[in-house]
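Each remark here refers to the structure printed beneath this line.
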Number of protein chains: 2
Amino acid sequence: MARKTATPQLTQDHTELIVLSVLSEGPSYGYSISKQIAARSEDEFRIGASQLYPLLTKMEKQGLVETDWEEIKSKSADPDAPGRKRKWYRLASKGERRLQQRIEAHKRFTSLINSFIATDQAAGAVA
Amino acid sequence: MARKTATPQLTQDHTELIVLSVLSEGPSYGYSISKQIAARSEDEFRIGASQLYPLLTKMEKQGLVETDWEEIKSKSADPDAPGRKRKWYRLASKGERRLQQRIEAHKRFTSLINSFIATDQAAGAVA
DNA sequence: TCAAGATATATCGGATTCAGATATATTGCA
DNA sequence: TGCAATATATCTGAATCCGATATATCTTGA
């Protein structure tokens, strides 16, 4: 079975835009970011672990985000046991600037695409 | 020097949408399609030969476009000489349907992206 | 109790795609 | 005459995609 055509595939640029958007609403961590994106897009945008984690690492290296590890204590288990780890990402000021850039670039992108399909819209609108 | 961030990079899906749009206005050939896209996007969308020709071949195999070779006769040279060849592409009905699909998918895509950046728009709009 | 599914991070690896460079040939113009 | 433009096409190293795999913890319910 081939790739679905519901929406065009997400490029890393667009994925970065979405991830930065999510983080602009407050710190989050990988798994949650991925779930939020799926939920908020009605499952049409799916960022798998194999795309998300390398991207987050890249963004961290570029100084767009800053991170903290959280040690999640189990409610039931031994309080000295090493709980699950969660890596929190929060938007750095450089990331905020990048987000605004990406938003502008996306607007420009959309506007250009629209200029190409404008004529077809008319042609395709034959009732 | 890294890739420019003026607009997000074009995926094959988006490139196909644009190429189909151009062809919906009438038959064209590779070199011309590439020039039209550059001109109409103020040089922001550049489809190089190494992306365009494989894509056109793929589209032809999928039955989205039909082709004809044109033999361009030289004005000055020997009329029996083998002139330059030009491969014309015209939209097949399957391609028209694909174009409408891609337009719908793009609208959905844009709408989803906008839903993510909507909140940032407000946040970023601090004057 | 204990198995299954969800949570959580991360990498591997084959396939695809990207985009500059290369190849080849003709045409138009200064 | 020689160079830029026209015209199609492939090569190739790098980047990217995405399903699968690895590892480990937590939660829920039969």
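Just so it is clear, the model here is predicted, and its values are computed rather than measured. The figures here come from the full heavy-atom set of this structure, side chains too, leaving out hydrogens, waters and symmetry mates.
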- Write down the distance between CD (A/Q12) and P (C/dT17), rounded to a whole number of angstrom. 17 Å
- Item | All side chain to side chain contact (heavy atoms under 4.5 Å, CB included) counterparts of B/E66, not counting sequence neighbours | B/R90, B/A92
- Query: Taking atom CG of A/L91 and atom CG of A/L23, what is their separation to the nearest 0.5 Å?
  - Reply: 6.0 Å
- Note on the structure: From NZ of A/K58 across to C1' of C/dA10 the rounded distance in Å is 17 Å
- Task: Could you tell me the separation between the NE2 atom of B/H14 and the C1' atom of C/dT17, rounded to a whole number of Å?
- Result: 16 Å
- Please name all residues satisfying side chain to side chain contact (heavy atoms under 4.5 Å, CB included) with B/R108, sequence neighbours left out, ordered by chain then number. A/T7, A/E42, A/E44, B/L112
- Message: Under 4.0 Å, heavy atoms only, any strand: does B/L10 hit a base, just the sugar-phosphate, or nothing?
- Response: sugar-phosphate
- Task: Figure out the CZ/C1' separation between B/R46 and C/dT17, and round it to whole Å.
- Result: 19 Å
Mind listing the N/O atom pairs, protein and nucleotides 8-14 of chain D, below 3.5 Å?
unit_1	atom_1	unit_2	atom_2	d
D/dT8	OP1	B/K87	N	3.0
D/dT8	OP2	B/G30	N	3.4
D/dT8	OP2	B/Y31	N	2.5
D/dT8	OP2	B/Y53	OH	3.0
D/dT8	O5'	B/Y53	OH	3.4

- Note on the structure: To the nearest angstrom, the CG-C1' distance between A/L52 and D/dG19 comes to 16 Å
- Message: Please list all pairs meeting ring-ring contact (aromatic ring centres under 6.0 Å, His included) that have one or both residues in residues 28-56 of chain B, counting only residues at least two apart or in different chains.
- Response: A/F109-B/F45, B/Y29-B/W88
- Task: Would you kindly give the CD-to-C1' distance between A/Q9 and C/dT17, to the nearest whole Å?
- Result: 9 Å
- Please give, in whole Å, the distance from C/dT7 C1' to A/K35 NZ? 9 Å
- Message: Can you measure B/I72 atom CD1 to C/dA25 atom C1' for me and round it to whole angstrom units?
- Response: 12 Å
- With sequence neighbours excluded, residues passing ring-ring contact (aromatic ring centres under 6.0 Å, His included) with A/H106: A/H14
- Task: Keeping to residues at least two apart or across chains, list the side chain to side chain donor-acceptor pair (under 3.5 Å) pairs with something in residues 54-65 of chain B.
- Result: B/Q12-B/K58, B/E60-B/T67, B/E60-B/K87
